[in-house]
Amino acid sequence: MLFQRLAGNDLFSSLREMQRLQDSLNRVLSSAPNHSAEYPLVNVWTSENGAIVRAEVPGIAPEDVDISLVHDTLTIRGSRKPEELKEGEARYRHERGFGGFTRSLQLPFGVEGDKVEAKFASGVLQITLPRAEAEKPRRISVVSES
Amino acid sequence: MANELMEMNKQEVMSRDDAEHTRTQKLYTPATDIHETQEQLTLLADMPGVKQDGVEITLEQNILTIYGHLDAPEFPGYNLTYAEYGMGGYRRVFALSNEIDRDGIQASVKNGVLKLILPKSKRAMPRKISVQAE
């Protein structure tokens, strides 16, 4: 073997590897929804003014991603093409997944649909969702009656 | 296979060496594909968020280390309220045989995927030996 993964030789990462295998097996064996089967994973930042959703989708071209918004539900759809092998090429290690995916997120507020922005940089999708003006928290001043 | 759901769990690097990192970032093991032909090895590693200038490749003796550094995203006025994936850099170590032509190594990053081309040295390529009739 020309390559050997040095970092994977210790006991703990072997255990982790086993855990990962077990997770994959469980996923195959049970049809119940499983958290780790979700793709892409998302991180969400929020403020009074809206939300920013980031998802890691390496190796996917921006045109292969489709984002839609219905009321307060954001849906990310797309696919990653498998890496085609060239003539005479052998696959040596295959860890990167491929295939289609759909992910829906329900946001805790209504979204200003016209102002949603999506950016794509270095395999990270970033969607900015401004909160609908009518739903923004309002400060109510208290007038004292003297 | 097109409808099969993609899966990816980030794995944090369990470091074997005792080297301390000078950055406080977490490091993850990038999922990697390796393809081989008679002339070269192609290594593809998923490093979402890493730009071209964030990649560091070192080759010491025969140990190839790939690092991917990135700046943690910050949004002033916003709080991270829901997190499914860990944020940090990437690191992975491979032991190369001596059959790689070190000067010919090429690296590029596209859409968060690092592509490394490791040409085999001329010595390691299969040679045809013709048999001469006496």
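Chain A is the first sequence line, chain B the second, and so forth, proteins listed ahead of strands; every chain is numbered from 1.
- Grouping the Ile, Leu, Val, Met, Phe, Trp and Tyr side chains by contacts below 4.5 angstrom, directly or via other members, places Leu43(B) apart from Leu85(A).
- Note: the hydrophobic cluster containing Ile67(A) also contains Leu69(A) (ILVMFWY, side chain heavy atoms under 4.5 Å, direct or indirect links).
- Taking Ala55(A), Pro40(A), Gly50(A) one by one and counting their heavy-atom pairs under 4.5 Å with chain B, the maximum is reached by Gly50(A).
- We find that Glu83(A) and Lys115(B) are not joined by a salt bridge, their nearest charged nitrogen and carboxylate oxygen being 4.0 Å or further apart.
- Both the backbone and the side chain of Ala61(A) come within less than 4.5 Å of a heavy atom in chain B.
- Looking only at distances, a side-chain donor or acceptor of Thr81(B) sits under 3.5 Å from a matching main-chain atom of Val44(A).
- The CD atom of Glu89(A) lies 6.0 Å from the NE2 atom of His35(B); values are rounded to the nearest 0.5 Å.
- A distance of 12.5 Å separates CD1 of Ile34(B) from NE2 of His94(A), quoted to the nearest 0.5 Å.
- Of the listed residues Val109(B), Val50(B), Thr42(B), Leu44(B), the one with more heavy-atom pairs under 4.5 angstrom with chain A than any other is Leu44(B).
- Taking all atoms of both residues into account, the shortest heavy-atom contact from Pro48(B) to Gly123(A) is CB-O, 3.8 Å.
- Leu27(B) and Val113(B) are not part of a single hydrophobic cluster, where members link through side-chain heavy atoms under 4.5 Å apart.
- Within 6.0 Å of atom CZ in Arg77(A), 12 or fewer heavy atoms from other residues, nucleotides or ligands are found, so the atom counts as exposed in its surroundings.
- Between Glu74(B) and Arg54(A) there is no salt bridge, since no side-chain N of the basic residue sits under 4.0 Å from a carboxylate O of the acidic one.
- In this structure, Asn43(A) contributes its side chain and Tyr85(B) its backbone to a donor-acceptor pair below 3.5 Å.
- For Glu48(A), no part lies near chain B; criterion is any non-hydrogen pair under 4.5 Å.
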Under 3.5 Å donor-acceptor pairs involving side-chain atoms of residues 109-117 of chain A, not counting sequence neighbours:
from, atom 1, to, atom 2, distance (Å)
Glu112(A), OE1, Glu133(A), N, 3.1

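- A donor-acceptor pair under 3.5 Å is formed between the side chain of Glu95(A) and the backbone N or O of Thr32(B).
- From Phe75(B), atom CZ reaches atom OG1 of Thr128(A) across 7.0 Å, with rounding to the nearest 0.5 Å.
- The hydrophobic cluster containing Leu70(B) also contains Ile66(B), counting ILVMFWY residues as joined when their side-chain heavy atoms lie under 4.5 angstrom apart, directly or transitively.
- Residues Glu84(B) and Leu41(A) approach most closely at OE1-CA, 3.3 Å, considering heavy atoms.
- Put simply, OG on Ser122(A) and CD on Gln52(B) are 9.5 Å apart, with the number rounded to the nearest 0.5 Å.
- Under the salt bridge (Lys or Arg N to Asp or Glu O under 4.0 Å) criterion, Glu87(A) pairs with no residue at all, not counting sequence neighbours.
- Tyr92(A) and Ile117(B) fall into different hydrophobic clusters, where Ile, Leu, Val, Met, Phe, Trp and Tyr are joined by side-chain heavy atoms under 4.5 Å apart, directly or via other members.
- Using modelled atom types, one side-chain atom of Asp33(B) and one backbone atom of Arg96(A) make a donor-acceptor pair closer than 3.5 Å.
- The distance from atom OG1 of Thr46(A) to atom OH of Tyr82(B), rounded to the nearest 0.5 Å, is 13.0 Å.
- A 4.5 Å side-chain heavy-atom check between Asn111(B) and Arg80(A) finds every atom pair outside the cut-off.
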